[in-house]
Colleague: 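Got a structure for you, written out below as structure tokens; questions coming shortly.
The sequence lines fix the lettering, A, B, ..., with proteins before strands; numbering per chain opens at 1. What you see below is based on every heavy atom in this structure, not just the backbone, and it leaves out hydrogens, waters and symmetry mates. Keep in mind it's a predicted model, so treat the numbers as computed, not measured.
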Amino acid sequence: MEQNCWVIVMSAKKWTKIEEILDGKKTDETVNIRGWIYRTRSSGNIVFIILRDSTGILQTTVKRGSLPDKEFDDAKKALIESSVELTGSVKKDDRAPGGYEIQVSRFHVVHFAEPFPITKDHSEEFLLDVRHLWLRSQKMTNILRVRSKIFEASHKFLRNHGYIEVQPPIFTTSGSEGGATIFELKYFDKKAYLSQSWQLYAENIIMAVEKAYCIAPSFRAEKSRTPRHVTEFWHLEVEEAWASMREMLTLGEKLISHICKTVAKECKRELTVLGQDPKKLEKITVPFPEITYDQAIQILQKKGHPIEYGKDLGILEERKLVENHDKPLVVTHYPKEIMAFYKKKDPSNPRVTLNFNIIANEMGDEILDGSERESDINEIIKSLKEQGSNPKDFSFYLDSRRYGSVPHSGFGLGLDRVVMWICKLDTIKDAIPFPRTINRIYP
RNA sequence: GCCGUCUUAGCUCAGUCUGGUGGAGCACUCGGCUGUUAACCGAGCGGUCGCCGGUUCAAAUCCGGCAGACGGCGCCA
């Protein structure tokens with residue numbers, strides 16, 4: 001009964017965020033705060049409890065005699081991650097981490113936590129096993145904030161430029177990147193597949209709305225064991241009728257630049273904690289340096305890196321190319337034979353396609369991939385047959401070339417890789433809250 | 001798909017080379033401490049040494065097989 005009254009009284013109170021206290025806005029005031037125990041230490045008749053909320057961490061001191069004995073005893077025995085509500089006086093104190101502390105006069109444990117599995121010694125693998133709990137860490141919280149801002153900036157930018165957000169299906173009947181890497185599942189008594197890309201739908205959608213985009217998960221059953229691959233990733237895709245390769249490339253560069261500048265401006269604190277310098281991101285301005293595939297091969301050979309014309313650029317080549325760059329690098333006009341069927345041949349050089357890749361500086365991996373699309377239905381059917389696909393499975397897609405086909409272009413941006421790049425993460429697994437990889441689908 | 005490494009307490013690891021009663025730190029429990037900084041001091045709790053087989057008087061340790069995980073490359077965003 002007594003406890004219920006306390007809850008009612010507490011819930012009527014105003015709650016102060018830890019951030020406000022650390023900013024010095026509440027010094028010498030009495031405040032109510034609530035959160036989770038981040039660290040706790042006791043020494044006889046004083047307990048130091050570092051409390052965490054969504055905005056930061058703050059030391060609180062609980063002294064016997066300054067509050068009811070039962071509350072002192074509760075404070076002493078509450079384990080890490082217990083949830084608490086407390087009242088106390090804010091004091092500036094250099095002995096406290098962050099420079100401020102609360103001297104507690106009331107202490108209410110909302111829930112006594114069981115021993116928290118994450119302690120000071122842990123491996124990357126273990127943290128993935130308990131990812132649902134590790135999300136509470138300062139590192140993951142900061143990443144989630146930056147990630148949210150990247151998504152927000154992307155939506156705003158594209159909408160401001162007149163693109164319509166159109167949601168694609170996730171259940172599909174055919175892939176776009178070749179059959180080997182697609183997830184198959186039972187769809188009642190039929191086979192279905194998880195979407196690898198919205199592109200085949202997008203090329204129809206633009207015949208209606210002209211400028212379209214989506215942000216949706218894409219699924220790839222690639223057995224990739226690298227720090228840059230997850231099987232479920234968030235894909236930002238843009239498709240536009242009448243647009244040339246050059247127009248799409250320019251849009252992609254502007255989008256990336258806009259994301260960087262927005263995050264640099266609005267997530268300064270998070271970036272700094274994560275080890276990224278916001279000033280570096282502010283300097284990601286358009287245009288980006290640009291080379292053709294042919295030039296890339298020449299540069300690599302000149303640097304003494306063994307590669308032959310016609311071989312796709314791997315991570316080692318891409319890293320070499322962006323060495324000492326402070327902006328992403330654009331590579332265009334890859335050989336036709338290593339490109340997907342829908343990429344348009346360059347009329348002035350049929351050996352290559354009108355495509356572009358954007359490689360992130362420092363990280364050295366592809367984040368954006370785009371092209372002008374092949375508009376000749378016979379060329380597409382020929383390419384589909386060459387890659388072993390049955391054109392009949394792509395009938396709805398081919399309709400986009402049957403009824404008023406127009407030149408058009410588009411690109412895909414790997415948002416998780418953008419998060420990884422901007423937050424300077426060692427692995428893409430930390431860029432997404434619950435990563436799915438070749439061996440992990442839990443939690 | 002190719003190559004490499006690893007598997008011992010809830011977590012992080014030593015111990016394996018050179019076979020002989022399974023260890024440390026953290027976490028947790030109990031005790032001590034009125035200013036700690038992932039506090040400290042003392043005690044306690046905690047194990048099918050990944051699994052199966054072999055060698056041996058004796059295997060965490062040596063040999064064979066299997067499984068799982070991690071890392072690098074390829075494929076891709």
Colleague: Could you tell me if A:Thr181 and A:Gln196 have a donor-acceptor pair between their side chains, going purely by distance under 3.5 Å?
Modeller: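 Yes - a donor-acceptor pair under 3.5 Å links their side chains.
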Colleague: Reckon A:Val418 touches a base, only the sugar-phosphate, or nothing at all at heavy-atom distances under 4.0 Å?
Modeller: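 Answer is nothing: A:Val418 stays at 4.0 Å or more from every strand.
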Colleague: What does B:rC40 pair with, Watson-Crick or G-U, if both distances are under 3.5 Å?
Modeller: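 By the stated definition (distances under 3.5 Å), B:rG32 pairs with B:rC40.
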Colleague: Write down the distance separating the C1' atoms in B:rU55 and B:rG64, rounded off to the nearest Å.
Modeller: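 11 Å, rounded to whole Å.
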Colleague: Could you tell me the separation between the CD1 atom of A:Ile57 and the OH atom of A:Tyr38, rounded to the nearest 0.5 Å?
Modeller: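 Rounded to the nearest 0.5 Å, the CD1-OH separation comes to 4.5 Å.
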Colleague: Does the structure show a Watson-Crick or G-U wobble partner for B:rU18, both distances under 3.5 Å? Name it, or say none.
Modeller: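 Looking at the geometry, B:rU18 pairs with no nucleotide.
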Colleague: Can you tell me how far C1' of B:rA27 sits from NZ of A:Lys120, to the nearest Å?
Modeller: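 Between C1' of B:rA27 and NZ of A:Lys120: 11 Å.
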Colleague: Using a distance-only test with no angle check, is there a side-chain donor-acceptor pair under 3.5 angstrom linking A:Ser218 and A:Arg220?
Modeller: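 No.
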Colleague: Write down the distance between CG (A:Asp312) and C1' (B:rC75), rounded to a whole number of angstrom.
Modeller: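 About 9 Å, once rounded to whole Å.
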Colleague: Is there a stack between A:Phe116 and B:rA27, judged by ring centres under 5.5 Å and planes under 30°?
Modeller: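 So A:Phe116 does not count as stacking on the base.
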Colleague: Base, sugar-phosphate, or nothing: which does A:Phe233 touch, judged by heavy atoms less than 4.0 Å apart?
Modeller: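 Contact class for A:Phe233: base.
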Colleague: Given atom CH2 of A:Trp134 and atom C1' of B:rU12, what is their separation to the nearest angstrom?
Modeller: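 That distance rounds to 14 Å.
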Colleague: Provide the distance between the two P atoms, one in B:rA24 and one in B:rG42, to the nearest whole Å.
Modeller: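 Those two atoms are separated by 13 Å.
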Colleague: What interatomic distance, in whole Å, is found between C1' of B:rG46 and the corresponding atom of B:rC11?
Modeller: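 B:rC11 and B:rG46 have their C1' atoms separated by 13 Å.
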Colleague: Rounded to the nearest 0.5 Å, what separation is found between the OH atom of A:Tyr100 and the CG atom of A:Leu58?
Modeller: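 Here the interatomic distance stands at 11.0 Å.
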Colleague: Could you please spell out the steps behind the salt bridge (charged side-chain N to carboxylate O under 4.0 Å, His left out) verdict for A:Glu152 and A:Lys156?
Modeller: CA-CA 6 Å; A:Glu152 179 192 324; A:Lys156 279 188 176 168; 3.0 Å; yes
Colleague: To the nearest Å, give me how far apart NE2 (A:His235) and C1' (B:rC76) are.
Modeller: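 After rounding, the gap between these two atoms is 10 Å.
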Colleague: Across all strands, who's sitting opposite B:rG23 as a Watson-Crick or G-U wobble pair, both distances under 3.5 Å?
Modeller: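 Paired with B:rG23, as far as the under-3.5 Å criterion goes, is B:rC13.
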Colleague: How many Å lie between CG on A:Leu415 and C1' on B:rC76, as a whole number?
Modeller: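 For the pair A:Leu415 CG and B:rC76 C1', the rounded distance is 16 Å.
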Colleague: Roughly how many Å apart are B:rU5 and B:rA9, using the C1' atom of each and rounding to a whole number?
Modeller: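 Straight-line distance between the two C1' atoms is 23 Å.
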Colleague: Which value, in whole Å, describes the distance between the C1' atoms of nucleotides B:rG71 and B:rG32?
Modeller: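 Between the two C1' atoms, the distance is 46 Å.
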Colleague: A:Tyr293: which residues meet the side-chain hydrogen bond (donor to acceptor under 3.5 Å, both in side chains) condition with it, sequence neighbours left out?
Modeller: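 Residues passing side-chain hydrogen bond (donor to acceptor under 3.5 Å, both in side chains) with A:Tyr293: none at all.
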Colleague: What interatomic distance, in whole Å, is found between C1' of B:rU8 and the corresponding atom of B:rA69?
Modeller: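 To the nearest whole Å, 16 Å.
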Colleague: Using a heavy-atom cut-off of 4.0 Å across all strands, would you classify A:Ile50 as base, sugar-phosphate, or nothing?
Modeller: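 Answer is nothing: A:Ile50 stays at 4.0 Å or more from every strand.
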Colleague: Please report the distance separating the P of B:rG25 from the corresponding atom of B:rG72, rounded so that it comes out in whole Å.
Modeller: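 After rounding to an integer number of Å, I get 33 Å for this pair.
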Colleague: Could you tell me the separation between the CD atom of A:Glu101 and the CZ atom of A:Arg95, rounded to the nearest 0.5 Å?
Modeller: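 Rounded to the nearest 0.5 Å, the CD-CZ separation comes to 6.5 Å.
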Colleague: Using Watson-Crick or G-U wobble geometry with both distances below 3.5 Å, tell me the partner of B:rC76, or none.
Modeller: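 The answer is none; no pair meets the criterion.
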Colleague: Before we go on, tell me: are the rings of A:His155 and A:Tyr213 under 6.0 Å apart, centre to centre?
Modeller: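 Here the rings of A:Tyr213 and A:His155 have centres that are less than 6.0 Å from each other.
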Colleague: At under 4.0 Å between heavy atoms, how does the protein contact nucleotides 28-35 of chain B? Give one character per nucleotide, 5' to 3', with B, S or -.
Modeller: S----BBB
Colleague: Should B:rG71 form a Watson-Crick or G-U wobble pair with both distances under 3.5 Å, which nucleotide is its partner?
Modeller: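 When the pairing criteria are applied, B:rC3 turns out to be the nucleotide that pairs with B:rG71.
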Colleague: Just checking A:Tyr442 against A:Phe434, ring centres under 6.0 Å apart?
Modeller: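 Judged by ring-centre distance (under 6.0 Å), A:Tyr442 and A:Phe434 do not meet the cut-off.
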Colleague: Under 6.0 Å between ring centres: does that hold for A:Phe157 and A:His161?
Modeller: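 They qualify: ring centres under 6.0 Å apart.
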Colleague: For the OG atom of A:Ser383 and the NZ atom of A:Lys336, what is their distance to the nearest 0.5 Å?
Modeller: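 Taking OG in A:Ser383 and NZ in A:Lys336, the distance rounds to 4.5 Å.
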Colleague: I need a per-nucleotide contact map over nucleotides 68-74 of chain B, read 5' to 3'. Cutoff is protein heavy atoms under 4.0 Å; write B for the base, S for backbone only, - otherwise.
Modeller: -SBBBBB
Colleague: What integer distance in Å separates A:Leu127:CG from B:rG10:C1'?
Modeller: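 Those two atoms, CG and C1', are 14 Å apart.
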Colleague: Round to a whole Å and report the spacing from CG of A:Asp121 to P of B:rC13.
Modeller: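 The distance from CG of A:Asp121 to P of B:rC13 comes to 8 Å, rounded to the nearest Å.
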Colleague: Using Watson-Crick or G-U wobble geometry with both distances under 3.5 Å, which nucleotide pairs with B:rG53?
Modeller: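 Across all strands, the one nucleotide that pairs with B:rG53 is B:rC63.
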Colleague: For B:rU48, which nucleotide in any strand shown is its Watson-Crick or wobble partner with both distances under 3.5 Å?
Modeller: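 Across all strands, not a single nucleotide pairs with B:rU48.
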Colleague: Rounded to whole angstrom units, what separation is found between the CZ atom of A:Phe183 and the P atom of B:rC75?
Modeller: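 Answer to the nearest Å: 19 Å.
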Colleague: Can you tell me, in whole Å, how much space there is between the C1' of B:rU29 and that of B:rC70?
Modeller: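 Pairwise C1' distance, B:rU29 against B:rC70, rounds to 34 Å.
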